[in-house]
*Asks:* 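Take a look at this one; I'll ask things after.
Only heavy atoms go into these numbers, but all of them, side chains included; no hydrogens, no water, no symmetry mates. All values reported here derive from a predicted model rather than from experimental measurement. So that the names make sense, note that chain A is the first sequence line, chain B the second, and so on, each numbered from 1.
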Amino acid sequence: MSKLKLTGKDLRGIGYPEGPVISVAMTVMQKHYKHEAKEDVMALLQKILAAPVEYENDAVLGLIAEKLIPKKDLLDGESISLNQSGIQFNVFGQEHIEEGAMHQMYQAAKLPVSVAGALMPDAHSGYGLPIGGVLATDNAVIPYGVGVDIGCRMCLSIFDINPKELTDKESYFARELGEATLFGSGAQFDRAANHDIMDHALFYTLPLLKHLHGRVWKQLGTSGSGNHFAEFGIIEVKEKDAVLGVPAGHYVGFLTHSGSRALGANIANHYTKIAISKRRLPQDAKNLAWLSLDEQEGIEYWNAMNLAGDYASACHHVIHDKIAKQLGRKPVKMVENHHNFAWKEIWEGREVIVHRKGATPAGKDVLGIIPGSMTADGFIVKGKGESASVNSASHGAGRKMSRTRAIASVTDKQFKEELKKFGVTLLGGGLDESPFAYKDINVVMQSQTALVDVVGRFTPKIVKMDGAKHRNWSKKERPDIVGE
DNA sequence: ATGTCC
């Protein structure tokens with residue numbers, strides 16, 4: 001049985017317009033019509049193009065049809081000016097923050113919907129709101145104020161196991177770590193894990209999510225790429241904190257950092273496009289386009305974002321449950337938090353939408369995790385509820401070097417020596433994620449003593465990240481030779 | 001961050 005081969009060129013050839021419909025049509029046909037003859041598929045695609053409204057309610061073809069039906073409200077987006085002067089916002093650790101991130105935050109402060117904001121000491125520039133940016137708005141949600149990896153988060157399990165076992169039985173822990181999750185862009189399991197989240201009604205009602213359901217399911221419990229990791233380390237609790245509730249002592253910790261994989265990325269990109277077409281902002285602020293929580297698309301985004309957050313959480317839980325089962329232990333405590341998300345919160349007596357894009361929630365007595373790097377300690381923190389930071393803290397050390405610069409300026413030898421110096425075993429992981437690429441977490445923590453208390457410390461010992469394997473990459477794309 | 005339609 002020959003498999004359907006359909007290209008963007010084929011689609012454009014029969015008159016399909018440039019835009020998302022091309023990829024949607026390719027994905028849909030290759031998934032649901034893969035064994036049909038190409039001429040039949042092309043004829044069907046032509047019919048959909050000629051009369052998309054007739055296919056609008058088709059469970060499968062409706063996905064293509066809806067991209068071909070012009071949406072009136074998308075065609076006449078309103079033009080919006082930024083305010084002359086923005087809201088005041090506080091910057092923590094300003095001396096460490098690059099100019100680009102400051103500029104992005106100034107732009108965000110001038111949005112007509114902005115109420116309050118803050119910049120965390122690990123801030124650096126991103127799309128829309130800077131990474132490390134916190135923005136509270138009035139009844140509006142900014143998809144790129146949350147970020148592409150919706151629900152990117154930390155999860156820590158604390159096991160009452162003597163940390164000496166980590167060094168004594170390193171190969172055992174390394175093997176368990178290797179089997180607990182999958183890394184890599186596009187990584188998915190052949191056999192999907194089970195979790196109630198996959199029964200969520202939105203997967204069956206929102207066209208965008210319908211066609212993602214299968215892939216999203218197989219990605220449950222995977223970790224993705226970039227700065228995502230899973231690691232074993234030593235937890236030190238100096239004295240028992242009432243909220244953390246863990247007695248003073250040393251423990252084995254299992255810490256994960258990952259998000260909502262393809263699900264969140266698709267939701268973010270879909271709704272930011274809608275926001276951008278509905279609200280035309282000046283060029284350098286255009287990625288800050290928002291959706292109102294009173295309009296259909298805003299409500300849809302809000303619900304989908306919450307689903308992506310729950311899914312990201314489920315992914316971590318699948319991984320942590322596996323580890324607990326493999327170790328034959330129940331964690332004495334789990335701590336977890338989103339750091340790319342938006343919440344409805346009360347700020348200075350007023351209901352606002354708080355976007356934290358690379359920022360840890362730090363409301364009064366709220367626990368969170370701020371990781372360091374693969375060799376630097378991370379911290380279990382307890383929020384102080386500081387209004388000046390809109391109840392937030394940093395989400396890590398922050399990058400000091402771009403990926404390209406890290407790859408160009410750090411050698412494998414230096415990298416290996418650094419790992420050895422700290423007694424860290426690394427599985428996967430590239431130069432772009434080496435400790436040299438990150439700011440000093442201790443300096444960052446010093447800049448936010450007013451925001452959080454440290455209630456525990458995590459020292460990484462066995463770290464797993466996406467490998468620098470360059471599987472299908474062309475020479476041009478291989479990061480190890482970028483900058484030659 | 002994501003297998004980024006060519």
*Asks:* Does A:Thr425 have any side chain to side chain donor-acceptor pair (under 3.5 Å) partners at least two apart in sequence or in another chain, and if so, which?
*Replies:*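 Listed in chain order: A:Glu170.
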
*Asks:* Taking CG from A:Asn266 and P from B:dC5, how many angstroms apart are they, rounded to a whole number?
*Replies:*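 Rounding to the nearest Å, CG of A:Asn266 and P of B:dC5 are 10 Å apart.
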
*Asks:* Starting at CZ of A:Phe183 and ending at P of B:dT2, how long is that distance when rounded to a whole Å?
*Replies:*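 In whole Å, B:dT2 P and A:Phe183 CZ are 11 Å from each other.
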
*Asks:* Nearest to the side chain of A:Glu18, heavy atoms from C-beta on, is which of B:dT2, B:dA1, B:dC5?
*Replies:*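 Of the options given, the side chain of A:Glu18 lies nearest B:dC5.
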
*Asks:* For B:dA1 and A:Asn227 - does any side-chain N or O of the residue sit under 4.0 Å from the phosphate oxygens OP1/OP2?
*Replies:*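 Yes, such a contact exists.
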
*Asks:* How many whole angstroms separate atom CD1 of A:Ile22 from atom C1' of B:dC5?
*Replies:*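 That distance rounds to 7 Å.
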
*Asks:* Counting only side-chain N and O atoms of A:Ser23, is one of them less than 4.0 Å from OP1 or OP2 of B:dC6?
*Replies:*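 Indeed not, no polar side-chain atom of A:Ser23 lies that close.
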
*Asks:* Could you tell me whether A:Glu66 and A:Lys210 have a side-chain N and a carboxylate O separated by less than 4.0 Å?
*Replies:*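 Between A:Lys210 and A:Glu66 there is no salt bridge, as every charged N stays at least 4.0 Å from the carboxylate O atoms.
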
*Asks:* Round to the nearest Å and state the distance from A:Leu208 atom CG to B:dT2 atom C1'.
*Replies:*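 Nearest whole value for this atom pair: 14 Å.
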
*Asks:* Check whether the ring centres of A:His339 and A:His257 lie less than 6.0 Å apart, and answer yes or no.
*Replies:*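 Yes, the ring of A:His339 comes within the 6.0 Å limit of the ring of A:His257, centre to centre.
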
*Asks:* What contact category does A:Gly259 fall into here, base, sugar-phosphate, or nothing, at under 4.0 angstrom with non-hydrogen atoms?
*Replies:*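 The residue A:Gly259 makes no contact with any strand.
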
*Asks:* Using a cut-off of strictly less than 4.0 Å, decide whether A:Arg12 has a side-chain nitrogen or oxygen near OP1 or OP2 of B:dC5.
*Replies:*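 Looking at the OP1 and OP2 atoms of B:dC5, neither is under 4.0 Å from any side-chain N or O of A:Arg12.
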
*Asks:* If I take atom NZ in residue A:Lys5 and atom P in nucleotide B:dC5, what distance separates them, rounded to the nearest angstrom?
*Replies:*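 To the nearest whole Å, that distance equals 18 Å.
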
*Asks:* Please give, in whole Å, the distance from B:dC5 C1' to A:Asp10 CG?
*Replies:*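 To the nearest whole Å, that distance equals 11 Å.
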
*Asks:* Hey, does A:Arg403 reach any base, or is it just sugar-phosphate, or nothing, if we go heavy atoms under 4.0 Å?
*Replies:*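 Sugar-phosphate contact only.
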
*Asks:* Are A:Asp310 and A:Ser313 linked by a side-chain donor-acceptor pair shorter than 3.5 Å?
*Replies:*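 There is no such pair (donor and acceptor under 3.5 Å, judged by atom type) between the side chains of A:Asp310 and A:Ser313.
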
*Asks:* When the distance from OH of A:Tyr144 to P of B:dA1 is rounded to whole Å, what number comes out?
*Replies:*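 Roughly 14 Å, once rounded to whole Å.
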
*Asks:* Have a look at A:Ser225 and say if it touches a base, only the backbone sugar-phosphate, or nothing, with a 4.0 Å heavy-atom cut-off.
*Replies:*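 Touches sugar-phosphate only.
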
*Asks:* Under 4.0 angstrom, heavy atoms only, what part of the nucleic acid is A:Gln219 near: base, sugar-phosphate, or nothing?
*Replies:*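 Sugar-phosphate, no base atom in range.
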
*Asks:* Return yes if a side-chain donor-acceptor contact under 3.5 Å exists between A:Tyr144 and A:Asn269, otherwise no.
*Replies:*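 Yes, side-chain donor-acceptor contact under 3.5 Å.
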
*Asks:* Send over the distance from A:Asp149 CG to B:dT2 P, rounded to a whole Å.
*Replies:*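 Whole-Å distance recorded here is 6 Å.
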
